Amino acid sequence: MEIVGFDDRFDVVISAHEVAAPKPSPDPYLEACRRLGVEPGPEVVALEDSPTGVAAARAAGLTVIGVPSLEGMALEEAHEIADSLQDTVIARRLAL
């Protein structure tokens, strides 16, 4: 995050080695919710770019917006799909 200048953009960053099981386990999302002090549930929105990440966020009980990072990436299990991080789907869900 430091290398790309995002180290001050996020309150919580979870790495796979910080949890008992990595994605597709819900552990990373559950730990992030715990650190943020929020109850995991459908009011928490996860942005995911891979089927493994979508599976993890859904298993944690979160609402998932799929944002494919590669052309042709199938994220059918996401609740909604956005074309990019600038998509109105994301702005609407995050009330931006």
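In this text, all values refer to a predicted model and were calculated from it rather than measured experimentally. Just so it is clear, the values below take in all heavy atoms, side chains as well, and ignore hydrogens, waters and symmetry mates. If you read the sequence from its start, that first residue is 1, and numbering goes on from there.
- If you take CZ on R92 and CG on D87, they are separated by 9.0 Å, rounding to the nearest 0.5 Å.
- Under a 3.5 Å cut-off, the side chain of T63 and the backbone N or O of P42 do form a donor-acceptor pair.
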- Message: Evaluate R58 against E48 for salt bridge (Lys or Arg N to Asp or Glu O under 4.0 Å), listing each step before the verdict.
- Response: CA-CA 10 Å; R58 285 193 65 113; E48 268 298 342; over 6 Å; no
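- Taking hydrophobic clusters as Ile, Leu, Val, Met, Phe, Trp and Tyr residues chained together by side-chain heavy-atom distances below 4.5 Å, I14 shares a cluster with V44.
- Across P22 and A16, no two heavy atoms sit closer than the pair CB-CB, 3.8 Å.
- Nearest heavy-atom pair, Y29 versus L62, reported as atom, atom and distance to 0.1 Å: CD2-CD1, 3.4 Å.
- With rounding to the nearest 0.5 angstrom, the NE2 atom of H79 is 10.5 Å from the CD1 atom of I65.
- Here the straight-line distance linking atom CD of E39 with atom SG of C33 works out to 8.5 Å at 0.5 Å rounding.
- When each of M1, E18, R35 is tested with V13 by the rule side-chain contact (heavy atoms from CB on, under 4.5 Å), just one qualifies, namely M1.
- With hydrophobic clusters built from ILVMFWY side chains whose heavy atoms lie under 4.5 angstrom apart, L70 shares a cluster with L75.
- In plain terms, the two heavy atoms of G66 and A78 that are nearest each other are N-CB, 3.5 Å.
- Across P28 and A21, no two heavy atoms sit closer than the pair CD-O, 3.6 Å.
- With rounding to the nearest 0.5 Å, the separation of CD in E77 from OG1 in T52 is 12.0 Å.
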- Check the pair D49 / M73 against side-chain contact (heavy atoms from CB on, under 4.5 Å), numbers first and verdict last. CA-CA 8 Å; D49 69 343; M73 178 68 66; over 6 Å; no
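- Placement of V12 and L30 in two distinct hydrophobic clusters is found when ILVMFWY residues are connected by side-chain heavy-atom separations under 4.5 Å, directly or transitively.
- The hydrophobic cluster containing L85 also contains L94, counting ILVMFWY residues as joined when their side-chain heavy atoms lie under 4.5 angstrom apart, directly or transitively.
- Atom CD of E43 has more than 12 neighbouring heavy atoms from other residues, nucleotides or ligands inside a 6.0 Å radius.
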- Item | Pair V89-I81, side-chain contact (heavy atoms from CB on, under 4.5 Å): steps then yes or no | CA-CA 8 Å; V89 168; I81 302 292; over 6 Å; no
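- The two residues P68 and A82 make their nearest non-hydrogen contact at CD-O, 3.4 Å.
- T88 contributes no side-chain N or O that, together with a main-chain N or O of A91, makes up a donor-acceptor pair within less than 3.5 Å.
- In plain terms, the two heavy atoms of A57 and V64 that are nearest each other are CB-CG2, 3.4 Å.
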